[in-house]
Amino acid sequence: IFTDEELKQMGEKTLDSVAAAIDSGDKEKAKRLSVKMYKEFQGMHDLYLDWITGLQTFIYNKHGDQELYDALHSACSVWLKPFADMYVNQPDMRRKALQFASGLKGHLVPLKVEEDEEKITFMMTPCGSGGRLETAKAYGPPKSFAKIKKAQAMTMGLENFSVYCAHCAFQEILPIEWHGAPMVICQPPAPEKIGEIPCRLLMYKDPKKIPEKFYKRVGKKKPVA
């Protein structure tokens with residue numbers, strides 16, 4: 001079916017093929033390969049998005065709120081701890097913000113970034129993960145992912161909250177437990193507007209100035225200064 005050269009090309013990393021096309025001066029091929037690489041990553045991104053949301057739906061539907069909370073607390077600890085440690089030990093706010101923006105770009109969407117005296121605000125426009133599940137109507141048939149009915153810590157005090165988006169609360173809960181302050185704060189819109197209006201992700205320049213309300217909504221107390 002394939003020539004030896006075609007088999008070799010099939011096994012190459014697309015990034016290497018892009019670099020080779022650039023080195024050879026073939027700009028159009030490099031552009032085509034860049035789009036191909038984007039689509040390859042998007043396919044895997046969306047597969048994992050559905051996979052993890054399906055797992056969370058199973059846990060919530062079969063075992064309830066507390067088991068889902070415990071599962072997310074454990075699972076999010078695995079990937080979040082290195083980032084939380086890095087952020088708390090990173091005194092350069094500029095570098096911290098650039099690192100966070102780079103991570104958000106892994107969802108393959110543009111960002112809107114704003115800055116004021118106390119914080120930097122990031123918005124995915126549109127959201128490439130939880131918001132996309134909503135706009136794709138993945139919480140209805142045939143996928144029928146779960147909505148968390150009760151307002152609680154992992155829903156940031158909101159009812160009927162998308163099960164995938166519950167992981168966002170742990171970017172606050174876990175760093176508070178480890179270091180006394182959230183790493184970044186998620187301000188979602190009303191649950192029915194998720195996907196339509198972007199969540200606002202707040203990175204405070206001075207963690208001591210984070211309002212107490214953000215601690216309370218995830219079931220935590222702000223440390224005494």
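Computed from heavy atoms alone, side chains included, the values below leave out hydrogens, waters and symmetry copies. Fair warning: this is a prediction, and the values are worked out from it, not measured in the lab.
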**Prompt:** By salt bridge (charged side-chain N to carboxylate O under 4.0 Å, His left out), which residues pair with Lys208, not counting sequence neighbours?
**Reply:** none
Could you state the interatomic distance from [atom1] ([X]) to [atom2] ([Y]), rounded to the nearest 0.5 Å?
X      : Y      : atom1 : atom2 : value
Met156 : Arg217 : CE    : CZ    : 5.5 Å
Leu158 : Gln152 : CG    : CD    : 11.0 Å
Met154 : Cys76  : CE    : SG    : 11.0 Å
Gln56  : Tyr164 : CD    : OH    : 8.0 Å
Ile176 : Lys222 : CD1   : NZ    : 10.5 Å
Leu202 : Gln187 : CG    : CD    : 4.5 Å

Heavy-atom check, side chain of [X] versus side chain of [Y], under 4.5 Å:
X      : Y      : value
Lys119 : Ile185 : no
Thr135 : Cys127 : no
Trp178 : Val88  : no
Asp46  : Asp50  : no
Leu174 : Ser77  : yes
Arg132 : Met124 : no
Thr53  : Lys143 : no
Lys96  : Ile120 : no

Among the clusters formed by ILVMFWY side chains lying less than 4.5 Å apart, do [X] and [Y] turn up in the same one?
X      : Y      : result
Met203 : Val218 : yes
Val78  : Leu80  : no
Ile52  : Met44  : yes
Phe145 : Leu55  : yes
Ile59  : Trp79  : yes

**Request:** Would you sort out whether Glu172 and Lys220 count as a salt bridge (Lys or Arg N to Asp or Glu O under 4.0 Å), showing the intermediate values?
**Result:** CA-CA 9 Å; Glu172 302 169 33; Lys220 300 295 182 182; over 6 Å; no
Treating [X] as the side-chain partner and [Y] as the backbone partner, does any N or O pair qualify as donor plus acceptor under 3.5 Å?
X      : Y      : value
Ser74  : Ala71  : no
Thr125 : Pro110 : yes
Ser34  : Ala30  : yes

Shortest non-hydrogen contact between [X] and [Y], atoms and distance:
X      : Y      : value
Ser17  : Glu12  : OG-OE1, 3.1 Å
Tyr38  : Leu108 : OH-O, 3.2 Å
Thr57  : Ala146 : OG1-N, 3.0 Å
Gly106 : His45  : O-CD2, 3.8 Å
Ile194 : Cys165 : CG2-SG, 4.4 Å
Asp116 : Lys205 : O-NZ, 2.8 Å

**Message:** So, applying side-chain contact (heavy atoms from CB on, under 4.5 Å) with Leu104, which one of Leu201, Val113, Val184, Val109 is it?
**Reply:** Leu201
Residues [X], [Y]: salt bridge by 4.0 Å N-O rule:
X      : Y      : result
Glu67  : Lys62  : no
Asp4   : Lys8   : no
Glu192 : Lys147 : no

**Request:** Classify the angle between the aromatic ring planes of Tyr48 and Trp51 as parallel (below 30°), tilted (30 to 60°) or perpendicular (above 60°).
**Result:** parallel
**Under the side chain to side chain donor-acceptor pair (under 3.5 Å) test, residues paired with Thr14 that sit two or more places apart** = Glu40
**Message:** According to ring-ring contact (aromatic ring centres under 6.0 Å, His included), does anything in residues 82-101 pair up with another residue at least two apart or in another chain? List the pairs.
**Reply:** Phe100-Phe122
**Request:** With sequence neighbours left out, write down each residue that passes side-chain contact (heavy atoms from CB on, under 4.5 Å) with Glu196, or none if nothing qualifies.
**Result:** Lys193
**Asked** In chain order, what residues pass the side-chain contact (heavy atoms from CB on, under 4.5 Å) check against Gln66, with sequence neighbours excluded?
**Response** Tyr69, Asp70
**Item:** Phe170 and Glu177: CA distance, side-chain angles, deciding distance, side chain to side chain contact (heavy atoms under 4.5 Å, CB included) verdict
**Value:** CA-CA 10 Å; Phe170 289 89; Glu177 292 177 358; over 6 Å; no
**Other cluster members, Met10 - Ile/Leu/Val/Met/Phe/Trp/Tyr, side-chain contacts below 4.5 Å** = Ile1, Phe2, Leu7
**Request:** Go through the steps for Glu117 and Lys209 under the test salt bridge (Lys or Arg N to Asp or Glu O under 4.0 Å), then give the verdict.
**Result:** CA-CA 11 Å; Glu117 289 298 320; Lys209 294 184 179 179; over 6 Å; no
**Item:** Worked check of side chain to side chain contact (heavy atoms under 4.5 Å, CB included) between His179 and Asp85
**Value:** CA-CA 8 Å; His179 301 299; Asp85 291 349; 2.8 Å; yes
**Item:** Lys150 atom NZ, over 12 foreign heavy atoms within 6.0 Å
**Value:** no
